[in-house]
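First comes the structure, then the notes that go with it.
Residue numbering restarts at 1 for every chain, and letters A, B, ... go by the order of the sequence lines.
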Amino acid sequence: MSENKYDPKKIEPKWQKYWEEHPELYAAKNDSDKPKKYILDMFPYPSGAGLHVGHLKGYIATDVYSRLKILQGFDILHPMGWDAFGLPAESYAIKNKMHPRIAVAENIKNFKKQLDPVGFTYDWSREINTTDPEFYKWTQWAFLKMFENGLAYEAEEPVNWCPKCKTVLANEDLENGKCERCGTQVIQRRLRQWVLRMTKYADRLLYDLDRKDLNWEDLIKEQQRNWIGRSEGTQFKMKIKDSEEVIEVYTTRLDTVFGMTYAVAAPEHEIIKRLKDSIENYKEVEEYIAKSQQKTELERTELQKEKTGVELEGVKIINPFNGEEIPLFVADYVLGFYGTGAVMAVPAHDERDWEFAKKYDLPIRQSVAPLFIGEGKNKIREDKPNTERKVVDVIIKHWKEDKYFCLDWKFNDWKSFVIGGIEEGETLEKEAIREAEEESGYKNMKVIGQVGGEIRSRFFAAHKDVNRKDLSRKCVFIELTGDGYEEPQEEHVKNHNGIWVEKEKVAEFLTLAELKIFWDIYRNGEKAITDDGIVINSDEYSNLTSEEAREKMSEWLEKNKIGYKKVNYKMRDWVFSRQRYWGEPIPIIHCEKCGTVGVPESELPVKLPEIDSYEPTDTGESPLAKITDWVNTTCPKCGGPGKRETNTMPQWAGSSWYFLRYIDPQNDVVLIDKKKEKKWMPVDLYVGGAEHATRHLLYARFWHKFLFDINAITTDEPFRRLIHVGLISAEDGRKMSKRWGNVVNPEEVIEKFGADAMRVYEMFMGPFSQNIAWSTNGVTGTYRFMEKLWKLQKKINDDSSKEKRLENLIHKTIKKVGEDIENFKFNTAISSLMILANAFEKEKNIGREYFETTLVLLSPFAPSISEELWNKLGHKESIFTEKWPEYDEKLIKDEEIELVIQVNGKVRDKIVVNADISEEEANKMATESAKIKTFIGDREIKKIIYIKGRLISIVI
RNA sequence: GCCCAGGUGGUGUAAUCGGCAGCCACGCGAGACUUAAAAUUUCGUGACCGAAAGGUCGUGCGGGUUCGAGUCCCGCCCUGGGCACCA
């Protein structure tokens, strides 16, 4: 065997050419009975900037996985394509004064040039491009089907308009109210739009996330759940005094309805106009509305400063539960598009209402008391009687120092303020003073005021041998005005000791959570209580839990036909039209006689017309509108004149279903042949960036479920397993960007270190899903690893006998690499291969068989060097025709193990023993160790803990 | 503010079930080779004390459970990501 230097530049192009000429190694086979794996990358948008090393990380991972699956005997589908419609392509084309189609073609060519030298297994015979009419024909077809099924509709509503991109944007396209692409503040414009009724699928999109066969990271699932934002609540009507009008509100906290002290309507709420005649300050109200509509999204949300609003004077709302008359406000902290656009305001239990009520000095009324349930010794006991009781907790401040009088209880672990029972007919203040004097012995007390509202406690009171269910407690703050003192009577102090505690130590001292709350209110002021608890001050609903009260109250509303339970979502329907040229034309014809008519299927695709100027307009009209030849057509229904829809689809249309087309890319009869779909779907592994968690992945699931519903496909969830790729930042820690001049291009890395070293480095740099900075030194390390492997070939010796140690290590490595790739723990897989190589390096001779196994284990990560060395060992066939090795469980087990001996939890000695040593034997050896003996001395051994195969812990 | 993820040497990181913290690399230091440098190679490399043997401390901070905690529980601090007036 020749011993030339490792030269990736020589071997890598050679093997890439070989793979290109032997597509049978990796190309997807439709007719085979082998098990399949559909391994998918999020396809790129071919930008003019090209790829940097960060873009490749996900592609390398799927390639490693695909190569493993090939070796394990699977048929794989691992395709690649281009998501080429949309704003960036169009902007790039405008800037470079070329047609977007040409720009896209050039960029794709460049991308392929960058991808080729990395050595991927892509099946290019299935390449797709979303801007290809043969592809977007089926995007349009799906839209038509949605239109026919009432899922695509026209709406004229205020929508997000980006003044710079000159188009409408979906909610999903915003970042803090700004256009995610150009950072421009969007404005609200009322425009006719096509919208997809995605909310109809909200529940399915939510609940199918919990399906057991959906192996997605929790991170992504959680983001989708939050985005969908399902909430269960109640919608009910309230009468308006001296009027026929009613106002309808939505709430998830009906249990707090007795705490409602006013109501609020959003500025755009129609009731305001309807009540015009009864509103005494209508002019003021109108001005407020006008002002709030001028506010940009920035002022409304980002600054989120003070709440503002105006009372509708002369209007009174009637709370149906207690007949109370309350004022109505218009305020822009209530959103017009969510729920009913109006809310009941309960300042005591809602932070926003609290803030508003404080500002406008509106009453705040508590109707739910937080509930604290005792644990441990304080836990309710079934065998003891339940008693109710009212108490006052008294915060007593020292007359001179900044100290507070507290109690340390003898019966249990309580540390508290003075706590006293309230007798019927007594006032809170009087009781507070009486109890405080009796239990502390101090005189000269002055009540400053009540602290907070009511709290409930449920616990077992050991000193009285009864359950408190529930105890109602309030808190009073008292200051001593002098040092007058008289020894308290025994009966009042027998259960506890009184202590003066410094102000800063009080929070730490208290053991009862409810008293910590009072203390927090005393120090930091009162806030809204937003947790569930026990309903109070609410007539017949008092003393129910929040949950029970919500149930009973909505029953009552339903019985009286003024309300019902309702589910709402944060997610809104998908605004689906863009006023730009470079997108799929929406296949609709507008006819004066027949209205909105779908283009017949036989006329699909509706091709984008060739035009000279595709620059966007300010008017909200698509540039297509100017192409009268194209716009004017005949109505397919009546044959009369019709006009084509000139809006185009958003960038996310094609990517919502592209993965289906790879399976059947040439089919011109149906979107996908179901037989082929059954063979390949669902996608077994989908890898891409987390930035698509709520947009692409939600759209794709929605689109897929729709295609399933119309029986176009047989699966209703597209992606079985989803893994997100962590970003690679530049060496300086910043994002890789032309602007910072810190972009690392794959060409440069390959030129210097070769593709194998780059691939191995990207997989080795850290946990796959974690964001990590690029390190050129790191690539040096993996390059040295390649060199090390290359040099090892000198040591291959056909005659060398099987080394026991190596055999054990090889089998451990087989197990580890296979399992780690399966779990996307590439970094530790490579680490174990390095350990193996280091072990080989110490050997004089390496058995040929061992080395061959190692090459197969390495080949998914570093395919070129593996093929080359494999070939040099005399193999005529590609290494990827090999079988992935199997490990032998018996050979993994060590014969001898090292047992750790601990004394009182500290490692004191280690012994090497036979792996199947018995507990008695091990313990004996441990206690007889000379070292251990010196640590034990003449102390008594209390306990010996033996953990098989690991350690012996001696307690003395 | 809410939700999620994370915090381990100089750096990237590793550590089934609670069981020897720091695997594998990078970097750094010293030596070998060399006229010299690079490359290569050998050894060392968490901190502190010690000549060494060895010992003490150590996984963001403070408590707790346990024979034993990076890992579990409670309370905080910090970083990254997502959502953000959704009633």
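Taking atom C1' in both B:C24 and B:G9, one finds a spacing of 15 Å when rounded to whole Å. B:G82 and B:A14 have their P atoms separated by 23 Å, given to the nearest Å. Distance noted for atom C1' between B:G70 and B:G58: 11 Å (whole Å). Here, B:G60 and B:G80 have their C1' atoms 15 Å apart, quoted to the whole Å. Between B:U8 and B:U45, the distance separating the two P atoms is 22 Å to the nearest Å. Taking atom C1' on both nucleotides, B:U66 is separated from B:G18 by 9 Å, rounded to a whole Å. Using atom C1' as the reference point in both B:C72 and B:C57, the two lie 24 Å apart (nearest Å).
A donor-acceptor pair is defined here as one N or O able to donate and one able to accept, closer than 3.5 Å; no such pair exists between the side chain of A:Glu217 and the backbone of A:Leu219. Counting only distance, with no hydrogens or angles, the side chain of A:Thr530 and the backbone of A:His349 share no donor-acceptor pair below 3.5 Å. Proximity of a side-chain donor or acceptor of A:Thr234 to a complementary backbone N or O of A:Lys565 within less than 3.5 Å is not detected. For the pair A:Ser831 (side chain) and A:Asn827 (backbone), a donor-acceptor distance under 3.5 Å is absent.
Minimum atom distance to the side chain of A:Trp227 is reached by B:A84, of the listed B:C85, B:A84, B:C3. Residue A:Lys791 places its side chain closer to B:U41 than to any other of B:C24, B:A87, B:U41.
The side-chain hydrogen bond (donor to acceptor under 3.5 Å, both in side chains) test applied to A:Thr828 returns A:Asp820, not counting sequence neighbours. Looking at residues two or more places apart in sequence or on another chain, you find a side chain to side chain contact (heavy atoms under 4.5 Å, CB included) between A:Asp520 and A:Asn524, A:Lys527. For A:Gln770, there are no side-chain hydrogen bond (donor to acceptor under 3.5 Å, both in side chains) partners two or more places apart in sequence or in a different chain. Residues meeting the side-chain hydrogen bond (donor to acceptor under 3.5 Å, both in side chains) test with A:His811, sequence neighbours left out: none. Scanning for side chain to side chain contact (heavy atoms under 4.5 Å, CB included) contacts around A:Leu951 gives A:Val900, A:Gln902, A:Ile947, A:Ser953, with sequence neighbours left out. Partners of A:Lys570 under the side-chain hydrogen bond (donor to acceptor under 3.5 Å, both in side chains) rule, at least two apart in sequence or in another chain, do not exist in this structure. Considering only residues two or more places apart in sequence or on other chains, A:Asp732 meets the salt bridge (Lys or Arg N to Asp or Glu O under 4.0 Å) condition with A:Arg734.
Rounded to whole Å, the distance from CD1 on A:Ile220 to C1' on B:G82 is 10 Å. When the C1' atom of B:U40 is taken as reference, atom CH2 of A:Trp790 falls 18 Å away, rounded to whole Å. The distance from atom CG of A:Asn226 to atom P of B:A5 is 12 Å, rounded to the nearest whole Å. If you take CG of A:Asp218 and P of B:G6, they are 10 Å apart, rounded to a whole angstrom. Rounding to whole angstrom units, OH of residue A:Tyr333 and C1' of B:A84 are separated by 17 Å. Distance, A:Gln223 CD to B:A5 P: 12 Å, rounded to whole Å. Note: CG (A:Asp353) to C1' (B:G1) measures 15 Å, nearest angstrom. Summarising the geometry, the separation between CG on A:Leu727 and P on B:A5 is reported as 18 Å, rounded to the nearest angstrom.
Base pairing annotation: B:U40 forms a Watson-Crick or G-U wobble pair with B:A32, both donor-acceptor distances under 3.5 Å. B:G27 is paired with B:U45 under the Watson-Crick or G-U wobble criterion, all donor-acceptor distances under 3.5 Å. In a base pair of the Watson-Crick type (N1 to N3 plus N6-O4 or O6-N4) or a G-U wobble (N1-O2 and O6-N3), with each distance short of 3.5 Å, B:U59 is matched with no nucleotide. Base pairing of B:G22 is not made with any nucleotide, judged by Watson-Crick or G-U wobble geometry with both donor-acceptor distances under 3.5 Å. Across all strands shown, B:U79 forms a Watson-Crick or G-U wobble pair with B:A5, both key distances being under 3.5 Å. The pairing partner recorded for B:U65 is none, the criterion being a Watson-Crick or G-U wobble arrangement whose two distances lie under 3.5 angstrom. Nucleotide B:A14 forms no Watson-Crick or G-U wobble pair with any nucleotide shown, as no partner meets the under 3.5 Å limit on both distances. B:A84 makes up no base pair with any nucleotide shown, lacking Watson-Crick or G-U wobble contacts both under 3.5 Å.
Within 4.0 Å (heavy atoms only), A:Arg908 reaches sugar-phosphate atoms of the nucleic acid but no base atom. A:Ser832 comes within 4.0 angstrom of no nucleic acid atom, judged by non-hydrogen atoms across all strands.
A ring-centre distance under 6.0 Å is not found for A:Tyr569 and A:Trp227. Aromatic ring centres of A:Phe764 and A:Phe826: separated by at least 6.0 Å.
Checked by distance alone, A:Lys570 brings no side-chain donor or acceptor within 3.5 Å of a matching partner on the base of B:C83.
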Distances for protein N or O near nucleotides 16-21 of chain B N or O, under 3.5 Å:
from, atom 1, to, atom 2, distance (Å)
B:G19, N2, A:Gln902, OE1, 2.9
B:C20, O2, A:Lys910, NZ, 2.5
B:C20, N3, A:Glu898, OE1, 3.4
B:C20, N4, A:Glu898, OE1, 3.2

Is there any protein nitrogen or oxygen under 3.5 Å from a nitrogen or oxygen in nucleotides 69-75 of chain B, and what are the pairs?
none

Check nucleotides 26-29 of chain B against the protein and report each pair of N or O atoms closer than 3.5 Å, with its distance, or say if there are none.
from, atom 1, to, atom 2, distance (Å)
B:C26, OP1, A:Arg784, NH1, 2.7

Expected rows: protein N/O vs nucleotides 9-12 of chain B N/O, under 3.5 Å:
from, atom 1, to, atom 2, distance (Å)
B:G12, O2', A:Met765, O, 2.6

Exercise. Evaluate ring-ring contact (aromatic ring centres under 6.0 Å, His included) for A:Phe753 paired with A:Tyr761, printing each intermediate quantity in order.
Key: CA-CA 10 Å; A:Phe753 301 99; A:Tyr761 171 65; 9.2 Å; no
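Nearest-nucleotide positions on RNA chain B for A:Glu787 and A:Leu219 put A:Leu219 closer to the 5' end. Residues A:Lys943 and A:Thr252 each lie close to RNA chain B; by heavy-atom proximity, the contact nearer the 5' end of the strand is made by A:Lys943.
Listed here is the closest heavy atom pair of A:Ala862 and A:Met786: CB-SD, 3.9 Å.
Counting heavy atoms from C-beta outward, A:Met553 and A:Val257 have side chains that approach closer than 4.5 Å. The closest side-chain heavy-atom distance from A:Met758 to A:Val53 is below 4.5 Å. Side chains of A:Tyr699 and A:Met198 form a contact here, defined as non-hydrogen atoms less than 4.5 Å apart.
Near RNA chain B, meaning a heavy atom under 4.0 Å away, the residues from residues 338-351 of chain A are A:Tyr338, A:Val343.
Taking only side-chain nitrogens and oxygens, A:Asn838 comes nearer than 4.0 Å to OP1 or OP2 of B:A25.
A salt bridge between A:Asp350 and A:Arg253 is absent, with no side-chain N of the basic residue lying under 4.0 Å from a carboxylate O of the acidic one.
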